[in-house]
Amino acid sequence: SAKDMKHRLGFFLQRSDSCDNSSSQGKKEKISSSQRVSQEEVRKWADSLENLIHHDRGLAAFRAFLKSEYSEENIEFWVSCEDYKKTKSPAKLSPKARKIYDEFISVQATKEVNLDSCTREKTSHNMLEPTLSCFDEAQRKIFTLMEKDSYRRFLKSPYYLDLVSPPAAGCGPENCKRSHVHTLDCNSNIISQCA
């Protein structure tokens, strides 16, 4: 239900706040204004899937949405590929590549992504000598799949609409600083209250 989705997103965003803000002493610190997301930023997420997934909070919201549709393997694969491309040590390339392949691409993959046989075959061939670009084609295909399908649904879902619409009752001065720019933190209060 929509209420259930709102609750899950509110919980997810609050959880990411506590992860983002934990200090080395383990104390939860107050959120600085630089970590908040303005309505302007949230609106930019509707411009392109790239804007959305290259923003921590946008990625979190999109991931929560995909989880609700039981299709989070696509974004998990994309994120794994991004992480893989940052691998510095040549010795780590092969084991990391094998882990991604086994988890997302092989026929018995636990989180198999939807790839055409040609791309799957080419990626399998790339496993013989893994390079930083061995998943590029598969990653591009999954990005395009998300862009044409789940991203469009996300923009029409409560996961996005609740963040981009101006805050309603329940988000007064006691919950938010007086400002013309409403923030994601404020909206996550609404999501929690609606649940």
Mind checking the [atom1]-[atom2] spacing from [X] to [Y]? Nearest 0.5 Å is all I need.
{"X": "S133", "Y": "N126", "atom1": "OG", "atom2": "CG", "answer": "7.0 Å"}
{"X": "E137", "Y": "T123", "atom1": "CD", "atom2": "OG1", "answer": "6.5 Å"}
{"X": "D136", "Y": "K122", "atom1": "CG", "atom2": "NZ", "answer": "9.0 Å"}
{"X": "M127", "Y": "S94", "atom1": "CE", "atom2": "OG", "answer": "8.0 Å"}
{"X": "I142", "Y": "S80", "atom1": "CD1", "atom2": "OG", "answer": "12.0 Å"}
{"X": "S150", "Y": "L66", "atom1": "OG", "atom2": "CG", "answer": "5.0 Å"}

Less than 4.5 Å apart, side chain to side chain, heavy atoms only: is that true for [X] and [Y]?
{"X": "L59", "Y": "L52", "answer": "no"}
{"X": "I53", "Y": "W45", "answer": "no"}
{"X": "S124", "Y": "Y101", "answer": "yes"}
{"X": "D83", "Y": "K96", "answer": "yes"}
{"X": "K148", "Y": "L145", "answer": "no"}
{"X": "L49", "Y": "F62", "answer": "yes"}
{"X": "E73", "Y": "F77", "answer": "no"}
{"X": "R120", "Y": "E112", "answer": "yes"}

Backbone N or O of A91 within a donor-acceptor pair of the S89 side chain at under 3.5 Å?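 Yes; at least one donor-acceptor contact below 3.5 Å.
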Taking Y151 for the side chain and S48 for the main chain, is one N or O donor matched with an acceptor at less than 3.5 Å?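 Looks like yes, one N/O pair under 3.5 Å.
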What orientation do H54 and W78 show, parallel under 30°, tilted 30 to 60°, or perpendicular over 60°?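 Judged by the thresholds at 30° and 60°, the geometry between H54 and W78 is perpendicular.
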Taking all non-hydrogen atoms of both residues, which atom of [X] and which atom of [Y] are closest, and how far apart?
{"X": "N74", "Y": "V113", "value": "OD1-CG1, 3.7 Å"}
{"X": "L155", "Y": "A46", "value": "CD2-CA, 3.8 Å"}
{"X": "M146", "Y": "I75", "value": "SD-N, 3.8 Å"}

Could I get the full list of side-chain contact (heavy atoms from CB on, under 4.5 Å) partners for S117, not counting sequence neighbours?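 S117 satisfies side-chain contact (heavy atoms from CB on, under 4.5 Å) with no residue once adjacent residues are dropped.
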Other residues, nucleotides and ligands only: do more than 12 of their heavy atoms fall within 6.0 Å of CD on E69?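 Yes, CD of E69 has more than 12 neighbouring heavy atoms, counting only those of other groups under 6.0 Å.
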Would you say NZ of K85 has more than 12 non-hydrogen atoms from neighbouring residues, nucleotides or ligands within 6.0 angstrom?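 For K85, atom NZ is crowded (more than 12 foreign heavy atoms under 6.0 Å).
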Carboxylate-amine/guanidinium contact [X] [Y], below 4.0 Å:
{"X": "E72", "Y": "R63", "value": "no"}
{"X": "E50", "Y": "K44", "value": "no"}
{"X": "R98", "Y": "D102", "value": "yes"}
{"X": "R153", "Y": "D149", "value": "yes"}

Using the rule given for side-chain contact (heavy atoms from CB on, under 4.5 Å), can you reason through Q139 versus E82, listing the C-alpha separation, both sets of side-chain angles and the distance that settles it, and then say yes or no? CA-CA 9 Å; Q139 186 185 19; E82 287 297 290; 2.8 Å; yes
With sequence neighbours excluded, what pairs up with Y84 under the ring pair (Phe, Tyr, Trp, His ring centres under 6.0 Å) test?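 Counting only residues at least two positions away or on another chain, Y84 forms a ring pair (Phe, Tyr, Trp, His ring centres under 6.0 Å) with F135.
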